[in-house]
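Encoded as structure tokens, the structure appears first; notes follow it.
Nothing fancy with the numbering, it's 1 onward along the sequence.
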Amino acid sequence: MAVLVDNTVSLHDATRGLSQREWNFLQARPEPAETAGFILASGADRPQFTPVVGSLESPENLATLIVAAACLGRGPMHITCTGPGIRDRHEFELRGLHSAWISARAKWNTWFPLGVDIYLVDHSRSALCPLTTSTFKA
């Protein structure tokens, strides 16, 4: 996460898992999920917040969600992504992502160019699903 956040951005830790030492290292400003530029969340839990999705005047002011799953690459959930930058489609499996994340992302990204970017991460892998990913379905 240290490559994404620093003292110029705001962060909400929905997992409540960051220690004070980690907050000190990151130097990000703590903020509520509804206004934070970055949100750390557990994929096992339903999203309990509505992130900032930008505005027509400033669509770049959107939230980036870092959602921790148990395992990317193997698992019962099959994700298909299509859109700009993806040749044909990209598919992967994962474990530990509540299905509510799929519908929440669809709701948040309804009105392009408004929406959120989502990083799905596990202990060693990550998958970026930007708001330009037009199909993101399980």
When the side chains of residues 25-32 are checked against the rest of the protein, which donor-acceptor pairs come out under 3.5 Å, sequence neighbours left out?
| from | atom 1 | to | atom 2 | distance (Å) |
| --- | --- | --- | --- | --- |
| Arg29 | NH1 | Thr8 | O | 3.4 |
| Glu31 | OE1 | Thr35 | OG1 | 2.9 |

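Going from atom OG1 of Thr82 over to atom CD of Glu91 covers 10.5 Å, rounded to the nearest 0.5 Å. Atom CD1 of residue Ile86 and atom SG of residue Cys129 lie 7.5 Å apart, to the nearest 0.5 angstrom. Here the CZ atom belonging to Phe112 is positioned 6.5 Å from the OG1 atom belonging to Thr132, to the nearest 0.5 angstrom. Phe38 CZ to Leu4 CG: the interatomic distance, rounded to the nearest 0.5 Å, is 5.5 Å. From Leu131, atom CG reaches atom CG of Asn109 across 5.5 Å, with rounding to the nearest 0.5 Å.
Taking the salt bridge (charged side-chain N to carboxylate O under 4.0 Å, His left out) definition, one finds that Arg125 meets it with Asp122, sequence neighbours left out.
A chain of hydrophobic side-chain contacts below 4.5 Å, direct or via other Ile, Leu, Val, Met, Phe, Trp or Tyr residues, connects Ile118 to Leu94. Residues Leu18 and Tyr119 fall within the same hydrophobic cluster, defined by Ile, Leu, Val, Met, Phe, Trp and Tyr side chains chained together at heavy-atom separations under 4.5 Å.
Side-chain contact between Asn61 and Val52 is absent, with no heavy atoms from C-beta onward closer than 4.5 Å. In this structure, the side chains of Val116 and Val53 come closer than 4.5 Å at one or more pairs of heavy atoms.
Counting only distance, with no hydrogens or angles, the side chain of Ser58 and the backbone of Ser55 share no donor-acceptor pair below 3.5 Å.
Using bins of under 30°, 30° to 60° and over 60° for the plane-to-plane angle, the ring pair Trp108/Trp101 lands in the perpendicular bin.
Sparse packing is recorded around CH2 of Trp111, with 12 or fewer heavy atoms of other residues, nucleotides or ligands lying under 6.0 Å away.
Nearest heavy atoms, Ser99 versus Met77: CA-CE, 4.1 Å. Contact between Ala63 and Pro51 at its shortest, heavy atoms only, is CB-CB, 3.8 Å.
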